[in-house]
Amino acid sequence: MSAAPQADSTILIIDDNADTIRLLSAMVRGQARVLFATSGAAGIDIARLQRPQLILLDVEMAGMDGFAVCDVIRSDPALRSSAIIFVTAQSTPEAEIACLDAGAVDFIPKPLNAAVVQARVRTHLRLQAALATLDGLAHQDGMTGLFNRRHFDNQLATEFARHRRHRMPLGLALVDVDHFKLYNDRYGHQQGDVCLQQVAGAIREGARRPGELAARYGGEEFVVLLPNTDHDGLLTYGDWLCRRIAALNIAHPTAPTAPFVTASVGLCSVLPEEGDTAEALLHTADMALYEAKRAGRNRSVV
Ligand code: GH3
Ligand code: MG
Ligand code: MG
Ligand code: MG
Ligand code: MG
């Protein structure tokens, strides 16, 4: 296997000794972009901003020691994908076990040996890349690049609970391509896939605000989570999305609605109360979608 540097990877070194930082940086510089911090607190701040793939963490530090830093990082969901390797002079079996039990993936002994450091880092960068690939497969829809149904269902549950706690309205849009069976019949399934990719692109474009999330719900149906969106916001969004999809101008000569691909959108929003469920929100959006279809398609209904 190649030992080429992972140009898109970042390693964060957290150590209170400038000489150790210099030494470690020189050893791993060829393998990734290298950042450093000279205290635990500063290291945590940098980790949150930069999301490094690997953190090389000194155990004995003035102030916050390595274990305390590890605790904070391991309990921050945003840093779930940063792996920690402890660097320490305490090379007893007990010390090594304590590092792994704290949630680190590995342990590098001091005094530092360049070849050992590089081999450990290389291995973990490779594992991190594989995990990132798996993470993508687990959460994304392969054909459109949007999030998949599983990820959406999880996020919906989380967001629903969060909006209930903060008393904020949560909006939802269900999008269904009109007369798509006829499109496949006319152009074939492969061209149908290309059409869905284009529609997905338009949906992604309309879901760029923080917290908005677009997913493929299944087949030719998509779903968009619209945090803090009230009734007027839904009207505007639904109208925009229908126009945007029509404006893709994908020829569909056999469709009774229009000679181009259109979609229908069902929207709703709730201020979740105790006892309300995310399923009810989906059901209401589904009824609005049904109404949009019934009323002639290529439209949105709130
Ligand atoms: P309506 O306007 O009522 O939604 O009509 P429709 O034809 O879009 O709805 P229907 O549910 O009858 O058909 C959906 C079609 O979508 C049938 C199915 O073959 C097609 N489809 C579902 N998933 C995919 C996919 O991944 N790729 C392609 N090419 N077609 C798909
Ligand atoms: Mg130290
Ligand atoms: Mg459908
Ligand atoms: Mg249908
Ligand atoms: Mg359809």
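If you're wondering where the values come from, they're calculated on a predicted model, not measured in any experiment. Every number for a ligand or one of its atoms is a count from 1 in the order of the listing.
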The Mg ion (ligand 5) to nearest N/O/S of Lys181 less than 2.8 Å: no
Set of residues satisfying ring-ring contact (aromatic ring centres under 6.0 Å, His included) with respect to His151, sequence neighbours excluded: His139, Phe147
Test log, rule side-chain hydrogen bond (donor to acceptor under 3.5 Å, both in side chains), inputs Ser269 and His231: CA-CA 7 Å; Ser269 137; His231 190 83; over 6 Å; no
Atom of Glu220 nearest the Mg ion (ligand 5) (restricted to N/O/S, atom name only): OE1
Asp176 contact mode with ligand 1 (heavy-atom cut-off under 4.0 Å): side chain
Closest contact, heavy atoms only, Ser264 versus Leu289: O-CD1, 3.4 Å
Contacting atoms of ligand 1, where contact means under 4.0 angstrom from a heavy atom of His179: 1 (P), 2 (O), 5 (O), 6 (P), 7 (O), 8 (O)
Salt-bridge contact Lys110-Asp58 (side-chain N to carboxylate O under 4.0 Å): yes
Per-atom contacts of ligand 1 with Arg297, taking only distances under 4.0 Å to non-hydrogen atoms: 1 (P), 2 (O), 3 (O)
Salt-bridge present (Arg22, Asp19; N to O < 4.0 Å): yes
Backbone of Ala255 reached by a side-chain donor or acceptor of Thr257 within 3.5 Å: no
Distance filter under 4.0 Å to Asp193 heavy atoms, resulting ligand 1 atoms: 25 (C), 26 (O), 27 (N), 28 (C), 29 (N)
Phe86 side, atom CZ; Ile55 side, atom CD1 - distance, nearest 0.5 Å: 10.0 Å
For ligand 1, the portion of Arg216 having any non-hydrogen atom under 4.0 Å away: side chain
Atom indices of ligand 1 within 4.0 angstrom of His189 heavy atoms, with elements: 25 (C), 27 (N), 28 (C), 29 (N), 30 (N), 31 (C)
Heavy atoms from other residues, nucleotides or ligands near CZ of Arg74 exceed 12 (cutoff 6.0 Å): yes
Electrostatic pair Glu273:Arg164 at N-O distance under 4.0 angstrom: no
Gly192: numbered ligand 1 atoms lying under 4.0 Å from its heavy atoms: 29 (N)
N-O pairing of Arg149 and Asp141 below 4.0 Å: no
Heteroatom distance test (Met143, ligand 1): nitrogen or oxygen, under 3.5 angstrom: no
CA sep, side-chain torsions, deciding dist, call: His252, Phe260, ring pair (Phe, Tyr, Trp, His ring centres under 6.0 Å): CA-CA 4 Å; His252 191 351; Phe260 44 84; 9.6 Å; no
Side-chain touch Gln128/Ser9, heavy atoms, less than 4.5 angstrom: no
Residue part near ligand 1, for Gln190, under 4.0 Å between non-hydrogen atoms: neither
Protein N/O/S atoms closer than 2.8 Å to the Mg ion (ligand 2): Asp16 OD1, Asp58 OD2, Glu60 O
Numbered atoms and elements of ligand 1 in range of Lys181, under 4.0 angstrom, heavy atoms: 6 (P), 7 (O), 8 (O), 13 (O), 15 (C)
Worked check of side-chain hydrogen bond (donor to acceptor under 3.5 Å, both in side chains) between Asp178 and Thr262: CA-CA 6 Å; Asp178 296 326; Thr262 59; 2.7 Å; yes
Nearest to the Mg ion (ligand 5) - the N/O/S atom of Asp176, by atom name: OD1
Per-residue contact class, Val177 against ligand 1 - non-hydrogen pairs under 4.0 Å: backbone
